[in-house]
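Notes to accompany the following structure.
These values consider heavy atoms only, across backbone and side chains, with no hydrogens, waters or symmetry-generated copies. For ligands, and for the atoms within them, numbers begin at 1 and follow the listed sequence.
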Amino acid sequence: MTNDTYTLTNADGSKSMQLPVRQGTLGPDVLDISGLNRDLGVFTYDPGFVATGSCDSEITFIDGDKGVLLYRGYPVEQLAKHSSFIEVAYLLLYGDLPTAVELETFSSSIRRHTMLNEGMLRFFTGFRYDAHPMAMLSAVVGSMSAYYHDTMDINDPHAREVFTHRILAKLPTIAAAAYKLNAGQPFIYPRNDLGYCDNLLHMLFAVPAEEYEIDPVAAEAFDLLFILHADHEQNCSTSTVRMAGSSGANPYSAIAAGIAALWGPAHGGANEAVLAMLAEIGHTSNIKKYIDKAKDKDDPFRLMGFGHRVYKNFDPRANIIREMCHRVLKQVGRQNSPLFDLALELEEVALKDEYFIEKNLYPNVDFYSGIIYRALGIPTSMFTVMFAIGRTVGWVAHWREMIGNPHGKIARPRQLYVGPGLRDYTPIEKR
Ligand code: SDX
């Protein structure tokens, strides 16, 4: 907290107000403008909230210039190297790294809540065989509010805790059920003896006709990817969860809203769009043509997997994922993957291009993740679902933080009205 203020005065000096400055633990100070309309009769205007903070948060911090990402103060690079997704989930939810007993208790609770209500499973028989998995994920997560009536009271701390464990435990099961519908294969029930990523692999790739052996490389890759996707401050989908939850809506509906927002190609849908883009580029000889398209203002084409609202240097997650990409492709015997070679060449060309340098456009988390998922046998349509499995714990952590804020308000932005002035109704015979 600081006693600093900024003085804001209107053009003719007839009105003035002090804007309190607030300092966080890290990052830029903020100006508290909540009294602006009351004292000066004006609103701020910031489409896309480029320079607008929506809340206080203790969960994640990003320094876009230095490529820093901290989960509860711990650098993501250290968590990626030393931790596990379940341990990172505990950290994001409860604020500190767990003791061995706390981790075992949390992990055991998650393992024992992975099954779905049998009625929810029947939803999947109603979807078209080729329904997009993100459509099924958002629909079935939203339907959880029609089943789990014991966790609808957002003001009940115990209900919030049960919801937290339930949604984290069941998300992979719902994701795998969507995949099995698309694959035309029978749903595979979760197993309580398997860890989070092993269970997901089992539900995705096991079939009744034979024993399934879990690939430890794939399990390790999933675990790392889920850590890297777990949270990212007030990104579009997390802000959507906070906004939906701010009305007092039940938590399942708030998470379903976040899934819908994540699906967009400008956000979590980019990993799926990257693979489509690489397929369209096809060969390194076409790279220049597509770089030129991305730079052409009259062409809506953008280089998927490049650019970021906050990272204006590099996305630390992309660097970690690129390194893991090499390892996974080598270990699954696809070190000469044309897709990966094309991605590496595209990155190299883009990073030397004046336009990308001037606009601070670097590969983001979505640029390489899809190549790893593809190498592990995950279909492109499931890439954003994999992103959602990782990000759900971040959404839940932010939802809990928002609901736990005694000064919380419903989110209700204002606007600049540029429509028609006041006018009277015109009878149809006179139009
Ligand atoms: C995620 O917010 C998060 O934290 C998101 C995320 C998370 O973990 O939650 O990190 C996950 O969503 C990563 C981003 C995935 N999306 C993509 O890869 C899609 C391609 N990227 C762009 O759509 C874009 O870069 C955004 C959406 C990611 C960021 O957009 P901004 O911050 O609104 O920036 P902008 O669109 O205003 O771009 C600034 C300039 C523009 O040119 P000018 O109008 O200034 O002339 O850069 C250009 C843009 O045209 N630009 C690009 C570009 N991205 C931005 N030009 C070509 N290709 C691109 N990819």
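Protein heavy atoms are absent from the 4.0 Å sphere centred on atom 39 (C) of ligand 1. Less than 4.0 angstrom separates atom 34 (O) of ligand 1 from none of the non-hydrogen atoms of the protein. Closer than 4.0 Å to atom 8 (O) of ligand 1 lies at least one heavy atom of the protein. Less than 4.0 angstrom separates atom 26 (C) of ligand 1 from none of the non-hydrogen atoms of the protein.
Under a 4.0 Å heavy-atom criterion, F367 is not in contact with ligand 1. Contact analysis leaves V310 out of contact with ligand 1, as no non-hydrogen atom separation drops below 4.0 angstrom.
Among A273, A266, C236, the residue whose heavy atom sits closest to atom 16 (N) of ligand 1 is A266.
The distance from ligand 1 to the heavy atoms of R309 drops below 4.0 Å at these ligand atoms: 29 (C), 31 (P), 32 (O), 33 (O). Listed by atom number, the atoms of ligand 1 under 4.0 Å from K297 heavy atoms are 42 (O), 43 (P), 46 (O), 50 (O). Near G305, with a cut-off below 4.0 Å to any heavy atom, the atoms of ligand 1 are 17 (C), 18 (O). Numbered from 1 in the order shown, with element, the atoms of ligand 1 that lie under 4.0 Å from a heavy atom of A270 read 15 (C), 16 (N), 17 (C), 18 (O).
Contacts between K295 and ligand 1, counted as non-hydrogen atom pairs separated by less than 4.0 Å, are absent for every part of the residue. Residue-level proximity to ligand 1 for R317 is carried by the side chain, the only part with a heavy atom below 4.0 angstrom. Contact annotation for P265 and ligand 1: only backbone heavy atoms (N, CA, C, O) come within less than 4.0 Å of the ligand. If you look at R391 next to ligand 1, the close heavy atoms, those under 4.0 Å, all belong to the side chain.
Relative orientation of the Y94 and H165 rings is perpendicular, given thresholds of 30° and 60° on the angle between their planes. Using a 30° and 60° split on the angle between ring planes, F226 and F222 fall in the tilted class, from 30° to 60°. In this structure, F301 and Y290 have perpendicular ring planes: the angle between them is above 60°, well past the 30° mark.
Under 4.0 Å is where a charged nitrogen must lie from a carboxylate oxygen, and between K81 and E77 no such pair does. Taking the charged nitrogens against the carboxylate oxygens, D56 and R22 do have a contact shorter than 4.0 Å, which makes a salt bridge. Comment: E161 engages R400 in a salt bridge, judged by a side-chain N to carboxylate O separation of less than 4.0 angstrom.
Here the shortest heavy-atom pairing between L97 and L91 reads N-CD1, 3.6 Å.
Panel note: side chain T173, backbone T114; a donor-acceptor pair is recorded below 3.5 Å.
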H232 vs H267, ring pair (Phe, Tyr, Trp, His ring centres under 6.0 Å): CA-CA, chis, key distance, verdict: CA-CA 12 Å; H232 217 237; H267 188 18; 9.2 Å; no
